[in-house]
Amino acid sequence: MALLLVATNVVVGAVTVIAYREYLVGRLDAELATAASRTPGGQPPSGPPPESSGGQQDPDNRFIGAPGQAADTVVAILRDGDAVLAGYTDGAGEQHRLSRAQETVLAGVAPDATPTTVSLGSLGAYRAQAVTRGGDVFVTALPLGDLRASVVRLVVVIGSTTLLALLVAAWALTLAVRRSLRPLERVASVASSVTALDLERGDADIAARVPSSDLVVSREVGQVGTALNRLLGHVGRALTVRRDAERGMRTFVADASHELRTPIATVRAYAELSAGTQDVAALQRNAERIGREAVRMGALVEELLLLARLDAATLDGTTLDATAPDGATPDATTPDAPALAARPGTVHEEVDLTATVVEAVMDARATAPDHRWTLQLADDDPLTVAGDPGQLRRAVTNLLANARTHTPAGTTVVASLQRVPRTGEGEDGAGAGALARLVVANDGPPIEAEVLPVLFDRFTRGSSSRSREHGTSGLGLAIVRAVVTAHGGSVRVVSEPGRTVFTIDLPETDTRRGT
């Protein structure tokens with residue numbers, strides 16, 4: 001900014017000085033033209049001028065210093081190239097004759113031409129003009145000393161003003177720049193404070209943010225501050241996800257170890273008993289118990305493997321994040337295509353969800369005749385979804401098994417399947433904008449309030465559940481959520497005294513319209 005100011009002032013000053021000098025030269029030329037018109041009015045002497053007491057020839061008083069001529073005005077009369085008379089009158093009224101060299105310079109001025117600048121030795125620079133009258137050449141010259149002094153004074157004034165303005169501007173600009181950079185310094189301070197956090201140890205609480213007051217100071221600082229705040233938010237969320245994942249993994253490993261430890265201990269105990277007895281009946285009973293525990297471990301390992309595969313799909317970025325929070329409804333942006341289609345070797349086809357639900361309810365009636373099972377279908381047309389038929393059937397079966405396991409005999413379980421429109425779609429619910437909604441409701445005991453937020457987590461059991469009695473692993477609902485999420489859907493639960501409702505929403509594939 002200072003250099004730009006200096007360059008601007010230099011250009012303006014140079015233009016001003018040049019214009020001012022041209023103006024003064026123009027005025028001097030006008031005065032010279034007037035003086036040159038007066039010079040032929042004087043009559044030169046007819047004979048040689050008298051000798052002065054100093055041995056020099058004095059100029060003629062009738063010609064040099066004639067009325068109307070300014071002090072230091074040089075006049076000369078040239079006849080046949082020789083100076084008949086040449087001199088000037090100073091400010092004190094004394095007349096002086098020019099030297100031979102000065103007369104020669106004046107003799108070189110072209111007559112009847114524009115004014116020109118000549119140097120008369122010790123007298124300095126003059127502006128001279130020659131006119132012809134009666135065969136003689138009359139030369140008039142005015143000094144340039146005052147003009148040059150005026151130009152020098154102007155240069156000094158402009159230079160001094162420029163220097164003073166530069167100092168003041170540099171001081172003011174320094175203060176302004178420092179003041180404008182204070183918000184940016186605070187942004188840098190926020191970034192530096194984040195580097196002091198021990199993020200490698202899982203410190204996910206990044207509270208440092210650029211204040212909102214600094215975001216409106218200027219557009220540039222606002223953009224940098226806003227971008228930094230967004231970056232810190234993303235980093236904080238990523239660290240939170242990592243911390244929760246690590247915590248969940250530790251809990252998962254601990255719970256899995258606990259779940260496997262019991263059947264392994266049982267198998268080991270019965271194996272030791274079998275090794276110490278020869279009773280065939282006891283050996284048979286021990287073998288049956290070992291077989292049941294092996295089946296239990298096999299089922300648990302199978303469920304863990306299924307969850308691991310679904311987790312791998314999520315970590316690979318192939319799972320579509322369409323899970324809505326508990327109690328919320330997916331909006332119209334929920335993807336239609338399931339993530340399972342992106343995994344090689346995974347079955348992906350159109351699944352008749354209506355037939356799957358009907359078969360699952362029929363199986364539940366056969367395995368739990370002490371419950372009252374009701375099936376409600378709101379549409380005559382089958383509802384189809386895209387995905388893995390085996391995994392979808394398992395999700396539906398697990399949901400019905402959960403209702404059977406955790407409710408007493410005589411409980412009514414109602415499974416309903418219907419087509420509903422997505423948020424923002426048409427009210428008819430048909431077409432690509434529709435969802436297939438499966439609702440499983442029962443009138444048994446409610447789920448404990450403290451269990452509801454973690455109901456779909458792995459190894460979650462209610463305090464009054466009968467899962468131990470029935471040998472469940474606590475992974476059924478976790479599998480339901482993982483399968484539904486992998487198919488681009490959502491699952492939620494609402495429980496109150498006398499009514500517990502599980503709701504699954506899946507993007508429908510309308511085979512009638514080819515979508």
Side-chain angles (χ1 to χ4, degrees), residues 249-312 345-347 356-357 359-371 373 388-411 413 440 442 444 455-483:
M249 182 59 66
R250 289 192 294 268
T251 303
F252 175 74
V253 171
D255 290 342
S257 301
H258 176 74
E259 292 294 331
L260 289 173
R261 182 174 56 185
T262 300
I264 289 176
T266 302
V267 170
R268 181 177 180 181
Y270 280 98
E272 293 176 352
L273 288 176
S274 300
T277 182
Q278 298 296 328
D279 187 355
V280 176
L283 290 174
Q284 185 176 0
R285 289 195 302 270
N286 294 344
E288 292 176 355
R289 186 62 185 270
I290 291 174
R292 288 196 298 268
E293 294 300 325
V295 171
R296 178 182 173 187
M297 285 190 294
L300 179 60
V301 171
E302 183 182 354
E303 291 175 343
L304 292 175
L305 288 176
L306 174 59
L307 289 173
R309 287 195 296 269
L310 294 173
D311 288 344
T346 302
V347 178
T356 300
V357 173
E359 292 174 2
V361 172
M362 297 299 293
D363 293 343
R365 286 177 179 174
T367 56
D370 53 347
H371 286 64
W373 300 92
D388 189 319
Q391 292 187 7
L392 289 173
R393 180 179 178 82
R394 182 160 193 166
V396 176
T397 302
N398 283 3
L399 204 57
L400 296 177
N402 180 78
R404 181 192 70 238
T405 303
H406 298 284
T407 57
T411 301
V413 181
V440 177
N442 67 79
L455 185 63
F456 292 97
D457 292 346
R458 298 167 189 183
F459 301 109
T460 298
R461 295 187 180 91
S463 58
S464 61
S465 71
R466 300 183 297 147
S467 58
R468 294 292 184 184
E469 176 186 349
H470 291 271
T472 60
S473 62
L475 296 176
L477 293 182
I479 293 176
V480 171
R481 182 176 65 176
V483 171

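Position 1 is the first residue of the sequence, and the numbers go up from there.
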Between [X] and [Y], which heavy-atom pair has the shortest distance, and what is it?
X	Y	value
V361	W373	CG1-CB, 4.4 Å
T397	A360	OG1-CB, 4.3 Å
L392	V483	N-CG1, 4.2 Å
N442	A403	ND2-CB, 4.3 Å

Margin query: Tell me every residue that passes side chain to side chain contact (heavy atoms under 4.5 Å, CB included) with V267, counting only those two or more places apart in sequence or in another chain.
Written below: I290, E293, M297
Notebook entry, point to check: Residues two or more places apart in sequence or in another chain: which of them pass side chain to side chain contact (heavy atoms under 4.5 Å, CB included) with A401?
Noted result: R404
Item checked: Between CD on residue E288 and OH on residue Y270, distance to nearest 0.5 Å ->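 Those atoms lie 11.0 Å apart.
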Notebook entry, point to check: Rounded to the nearest 0.5 Å, how far does CD1 of I479 lie from CG of N402?
Noted result: 12.0 Å
Next item on the list: Give the intermediate values and the outcome of side-chain contact (heavy atoms from CB on, under 4.5 Å) for residues Q278 and L283.
Entry: CA-CA 7 Å; Q278 298 296 328; L283 290 174; 5.7 Å; no
Checklist line | Residues in side-chain hydrogen bond (donor to acceptor under 3.5 Å, both in side chains) contact with E359, at least two apart in sequence or another chain | finding: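 Per chain and number, E359 pairs via side-chain hydrogen bond (donor to acceptor under 3.5 Å, both in side chains) with R393.
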Next item on the list: Could you list the residues that satisfy side-chain hydrogen bond (donor to acceptor under 3.5 Å, both in side chains) with S274, not counting sequence neighbours?
Entry: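 Once residues adjacent in sequence are excluded, the partners of S274 under the side-chain hydrogen bond (donor to acceptor under 3.5 Å, both in side chains) criterion are N286.
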Notebook entry, point to check: Is there a side-chain contact between R289 and T266 (heavy atoms, below 4.5 Å)?
Noted result: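 Contact flag for R289/T266 side chains = yes.
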Notebook entry, point to check: What do the steps show when you test L400 against V440 for side-chain contact (heavy atoms from CB on, under 4.5 Å), and what is the final call?
Noted result: CA-CA 7 Å; L400 296 177; V440 177; 4.0 Å; yes
Next item on the list: Scan for salt bridge (Lys or Arg N to Asp or Glu O under 4.0 Å) pairs involving residues 261-286, sequence neighbours excluded, and state none if there are none.
Entry: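 Those involving residues 261-286 are R268-E272.
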Check: Backbone N or O of D363 within a donor-acceptor pair of the T367 side chain at under 3.5 Å?
Finding: yes
